[in-house]
Amino acid sequence: MKSIKFTVALALLLCAPISHAGLINGDFSAGSTGWTSSGVVIYGSSLAILSDFTGNSGIYQGVQVTPGAGYLYQFDWAAYLGGAMPGTMDAVDTFTPSLYFVNDLSQFSLDPLNPVYDAVIHFGTIGGPLADGGTFTFYFTTPYQYVIPVFELYGTNLFPDSMVMIDNVRLTDPQSPVVPEPATLMLVGGGLAGLGLRLRRKR
């Protein structure tokens with residue numbers, strides 16, 4: 001009987017949600033849900049595309065975090081020149097990812113005339129014909145209640161000739177165990193259930 005109880009307890013433990021991977025709508029599977037946009041931003045095919053069609057564009061989303069905890073921040077990006085050539089941008093246009101931090105999300109503002117935030121980390125500007133894309137990774141801790149990933153594309157040449165694709169924005173707690181994939185859970189759960197029945201028959 002103890003073996004059966006242990007088996008059931010282990011199965012419940014494996015099936016429990018134990019990761020913080022769902023902190024943000026980062027794969028854009030829900031479109032623009034959770035994101036605030038400015039300029040011309042295209043949401044589709046589970047990604048977001050910033051464009052310089054009206055000069056500048058940007059998106060951001062506020063995420064509540066635990067002060068003092070460590071987080072891993074990642075995103076995938078790719079540049080396009082004229083919306084057609086992957087791996088390039090106009091030499092004078094720039095893509096700027098940032099992380100802003102606040103304790104009161106309702107007061108947060110990116111208004112150039114009246115910005116409101118507690119702290120910010122700018123990851124530099126990315127531009128020019130060699131800005132092809134890749135995966136960005138950054139680990140951080142913060143004393144603040146909210147972190148706001150911000151992506152901005154600045155079109156400075158007055159021509160609509162650059163686009164930047166954003167996908168797989170991830171904000172995770174690296175200290176938490178990884179949640180097993182559904183297929184793995186089914187295999188492990190089925191095996192444990194079979195083991196439990198076998199032990200019960202023996203008894």
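Atoms considered below: every heavy atom in the structure, side chains included; atoms not considered: hydrogens, waters and symmetry mates.
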Using the rule that Ile, Leu, Val, Met, Phe, Trp and Tyr join whenever any side-chain heavy atoms are under 4.5 Å apart, tell me whether [X] and [Y] fall into a single cluster.
{"X": "V41", "Y": "I166", "result": "yes"}
{"X": "V63", "Y": "V102", "result": "no"}
{"X": "V164", "Y": "Y73", "result": "yes"}
{"X": "L105", "Y": "I121", "result": "no"}

If you take the centroid of each ring, where Trp contributes its six-membered ring, are [Y] and [X] closer together than 6.0 Å?
{"X": "Y117", "Y": "Y100", "result": "yes"}
{"X": "W77", "Y": "F151", "result": "no"}
{"X": "F136", "Y": "F123", "result": "yes"}
{"X": "F140", "Y": "F101", "result": "yes"}

Inset, instruction - Assess the side chains of D27 and S29: does a donor N or O sit below 3.5 Å from an acceptor N or O? - result: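 On atom types as modelled, these side chains qualify, holding a pair under 3.5 Å.
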Legend entry - Donor on one side chain, acceptor on other, N168 and D76, under 3.5 Å: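 Yes - a donor-acceptor pair under 3.5 Å links their side chains.
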Quick check: closest heavy atoms across [X] and [Y], and the distance to 0.1 Å?
{"X": "N25", "Y": "Q61", "answer": "N-OE1, 3.7 Å"}
{"X": "S46", "Y": "D167", "answer": "O-OD1, 3.1 Å"}
{"X": "M163", "Y": "I49", "answer": "CE-CG2, 3.3 Å"}

At what distance, to the nearest 0.5 angstrom, does [atom1] of [X] lie from [atom2] of [Y]?
{"X": "S51", "Y": "N56", "atom1": "OG", "atom2": "CG", "result": "10.0 Å"}
{"X": "Q74", "Y": "T135", "atom1": "CD", "atom2": "OG1", "result": "7.5 Å"}
{"X": "M165", "Y": "F75", "atom1": "CE", "atom2": "CZ", "result": "11.0 Å"}
{"X": "I24", "Y": "I148", "atom1": "CD1", "atom2": "CD1", "result": "10.5 Å"}
{"X": "L110", "Y": "L113", "atom1": "CG", "atom2": "CG", "result": "12.5 Å"}
{"X": "L153", "Y": "S57", "atom1": "CG", "atom2": "OG", "result": "4.5 Å"}

Inset, instruction - Please examine the side chains of L99 and F138, heavy atoms only from C-beta on, and report whether any two atoms are closer than 4.5 Å. - result: yes
Legend entry - Side-chain touch Y144/P67, heavy atoms, less than 4.5 angstrom: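 No. Closest side-chain heavy atoms not under 4.5 Å.
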Inset, instruction - Report the C-alpha separation of S106 and D104 in whole Å, then their side-chain angles, then the decisive distance to 0.1 Å, and conclude whether the side-chain hydrogen bond (donor to acceptor under 3.5 Å, both in side chains) test is met. - result: CA-CA 6 Å; S106 65; D104 186 352; 2.6 Å; yes
Inset, instruction - Walk me through it: do Y71 and L171 pass the test side-chain contact (heavy atoms from CB on, under 4.5 Å)? - result: CA-CA 7 Å; Y71 290 91; L171 185 62; 4.0 Å; yes
Legend entry - From CA spacing to verdict: side-chain hydrogen bond (donor to acceptor under 3.5 Å, both in side chains), S37, Y43: CA-CA 10 Å; S37 310; Y43 294 95; 2.5 Å; yes
Inset, instruction - List the steps and the verdict of side-chain contact (heavy atoms from CB on, under 4.5 Å) for I59 and F28. - result: CA-CA 12 Å; I59 60 173; F28 301 98; 4.1 Å; yes
Inset, instruction - Evaluate the criterion side-chain contact (heavy atoms from CB on, under 4.5 Å) for residue pair N103 and D118; output intermediate values, then yes/no. - result: CA-CA 7 Å; N103 277 322; D118 295 317; 4.0 Å; yes
Inset, instruction - Under the side-chain contact (heavy atoms from CB on, under 4.5 Å) rule, what do Y146 and F108 come out as? Steps first, then yes or no, please. - result: CA-CA 10 Å; Y146 292 89; F108 175 69; over 6 Å; no
